[in-house]
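Notes for the one structure printed next.
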Amino acid sequence: MPELPEVETVRRGLQKLVLGQKIARVEVLYPKMIVGDADDFRAKLKDQTLENIQRRGKYLLFRFSNGLTVVSHLRMEGKFYVKEATDPVDKHTHVIFYLTDGRQLRYNDVRKFGRMQLVQTGSEEDLLGLAKLGPEPVAETFKVADFYQKLQKKKKNIKTALLDQTLVTGLGNIYVDEVLWQSKIHPQTICQKLTLEQATTLHDNIITELAKAIEAGGTTIRSYTDAFQKTGAFQFELDVYGQTGEPCKRCGTKIQKIVVGQRGTHFCPQCQQVVK
DNA sequence: ATGTATGTTGCCAA
DNA sequence: ATTGGCAACATACA
């Protein structure tokens, strides 16, 4: 599913494919996809040029020439494709941006969980989802001292805490399980119980893991593909996610799957012990 | 056939 | 204030 590395890979692909393109018109086939008025969305984007595509956490930010930004979240299965006008429209295509060069930028989403919203550039920071986001998982913005301080105030388990995007943004269910395994931390460990040493290890692993996953073009478990409809390669580098019953790569103990915060959670019961 | 699991965010309530 | 649970959906599979 699109976590930060997948969203970043999509962004890079779109950047190559449609940057500088002008919108001839927009068609909305499933209006609930658009937060706010779909007709207003269509009207305001007509004749605008796509000047830049940025990312914050798992959100894509399409910057247009008239000071407007389309904020898009892919949620579970959202995808952007660039197609020729003659290519048949998939039954799960919900929004089509007609480009003046004849091609079409299409938004596809089997489960219809994704959302798109048009806002004034700059004001996207006020949106609920973006306002609460923690730092980007890179050394320049994600600091161990802050991370540890925040962990010490939290009473929930580390897995749930990392998923809520406030400590650091970008991790989803797959990468959370991976970084906790790498850091030898049990997913149900209460944040307050983590030592500075553990927090430092976790912090460093989050930064390097997400960078490596971007390099590999993301992880394709069920259906993820990038803007070129290409699958990722990082699924071959996963150590615990989806490895239930397989031997732990460090100690040979069978990987277990449990439920933490209503989410399927993979871990090694030997390497990752709960700190009491 | 029917029920269950899937994963992200937003909303509701304890 | 913080935390937990569920809804929004469609599909695959037992």
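- The interatomic distance linking A:Lys159 (NZ) with C:dT3 (P) rounds to 18 Å, in whole Å.
- Sequence neighbours left out, the pairs with a member in residues 2-56 of chain A that pass ring pair (Phe, Tyr, Trp, His ring centres under 6.0 Å) are A:Tyr30-A:His94.
- Both tests hold for A:Arg25 against A:Tyr98: distance to the six-membered ring centre under 6.0 Å, angle to the ring axis within 45°.
- We find that CG of A:Leu4 is positioned 10 Å from P of B:dT9, with the value rounded to whole Å.
- Residue pairs meeting the salt bridge (charged side-chain N to carboxylate O under 4.0 Å, His left out) criterion with at least one member in residues 162-184 of chain A, sequence neighbours excluded, are A:Lys156-A:Asp164, A:Lys159-A:Asp177.
- Between C:dA1 and B:dT9, the distance separating the two P atoms is 24 Å to the nearest Å.
- Taking atom NZ on A:Lys79 and atom P on C:dA10, their separation rounds to 15 Å, with Å as the unit.
- In terms of the side-chain contact (heavy atoms from CB on, under 4.5 Å) criterion, residue partners of A:Glu84 (sequence neighbours excluded) are, by chain and number, A:Thr86, A:Asp87, A:Arg103.
- Of the residues in residues 161-177 of chain A, those placing a heavy atom less than 4.0 Å from an atom of DNA chain B are A:Gln165, A:Gly172, A:Asn173, in numerical order.
- In this structure, A:Val110 shares a hydrophobic cluster with no other residue, the cluster being traced through Ile, Leu, Val, Met, Phe, Trp and Tyr side chains under 4.5 angstrom apart.
- A:Val71 shares a hydrophobic cluster with A:Tyr59, A:Leu61, A:Val119, A:Leu127, A:Leu130, A:Leu133; the chain of contacts runs through ILVMFWY side chains whose heavy atoms sit under 4.5 Å apart.
- Here the side chain of A:Lys58 is nearest to one of B:dT8, C:dT3, C:dG5, namely B:dT8.
- When each of A:Arg56, A:Arg55, A:Arg63 is paired with A:Glu124, the salt bridge (Lys or Arg N to Asp or Glu O under 4.0 Å) condition holds for A:Arg63 and for no other.
- Residue contacts for A:Arg115: at a heavy-atom cut-off of 4.0 Å it reaches no nucleic acid atom on any strand shown.
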DNA chain C in dot-bracket form (Watson-Crick or G-U pairs under 3.5 Å, [ ] crossing, | inter-strand) is .|||||||.|||||

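- Per the geometry, CG belonging to A:Leu133 stands 8 Å off P belonging to B:dT9, to the nearest Å.
- Remark: A:Thr169 engages A:Gln165 in a side chain to side chain donor-acceptor pair (under 3.5 Å) (not counting sequence neighbours).
- C:dG5 and B:dA5 have their P atoms separated by 15 Å, with the value rounded to a whole Å.
- Contact annotation for A:Tyr224: no contact, since no heavy-atom pair falls under 4.0 Å across all strands.
- What separates CE of A:Met76 from C1' of B:dT6 is a distance of 6 Å, to the nearest Å.
- Listed by chain and residue number, A:Leu68, A:Ser123 satisfy the side-chain contact (heavy atoms from CB on, under 4.5 Å) test with A:Gln120 (two or more places apart in sequence, or in another chain).
- As a whole-Å value, the separation of A:Lys156 NZ from C:dG5 C1' is 12 Å.
- In this structure A:Thr208 satisfies the side-chain contact (heavy atoms from CB on, under 4.5 Å) test together with A:Asn205, sequence neighbours excluded.
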For nucleotides 10-14 of chain B, print each protein N/O atom paired with a nucleotide N/O atom at under 3.5 Å, atom names and distance only.
from   : atom 1 : to       : atom 2 : distance (Å)
B:dG10 : OP1    : A:Tyr59  : OH     : 3.2
B:dG10 : OP1    : A:Gly129 : N      : 3.3

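- Distance from the side chain of A:Lys154 is smallest to C:dT3 among C:dA10, C:dT3, B:dT8.
- At the phosphate of C:dA10, OP1 or OP2 sits under 4.0 Å from a side-chain N or O atom of A:Lys112.
- Under the ring-ring contact (aromatic ring centres under 6.0 Å, His included) test applied with A:Phe62, the options A:Tyr107, A:Phe80, A:Phe97 reduce to a single match, A:Phe80.
- For the pair A:Ile258 CD1 and B:dT6 P, the computed distance is 12 Å after rounding to whole Å.
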Show me the donor-acceptor pairs, under 3.5 Å and distance only, between side chains in residues 209-220 of chain A and residues at least two apart or in other chains.
from     : atom 1 : to       : atom 2 : distance (Å)
A:Glu209 : OE1    : A:Gln182 : NE2    : 2.7
A:Thr219 : OG1    : A:Tyr175 : OH     : 2.7
A:Thr220 : OG1    : A:Tyr224 : O      : 3.0
A:Thr220 : OG1    : A:Gly232 : N      : 2.7

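- Among the protein residues, A:Glu3 comes within range of the sugar-phosphate backbone only, with heavy atoms under 4.0 Å from sugar or phosphate atoms but none that close to a base.
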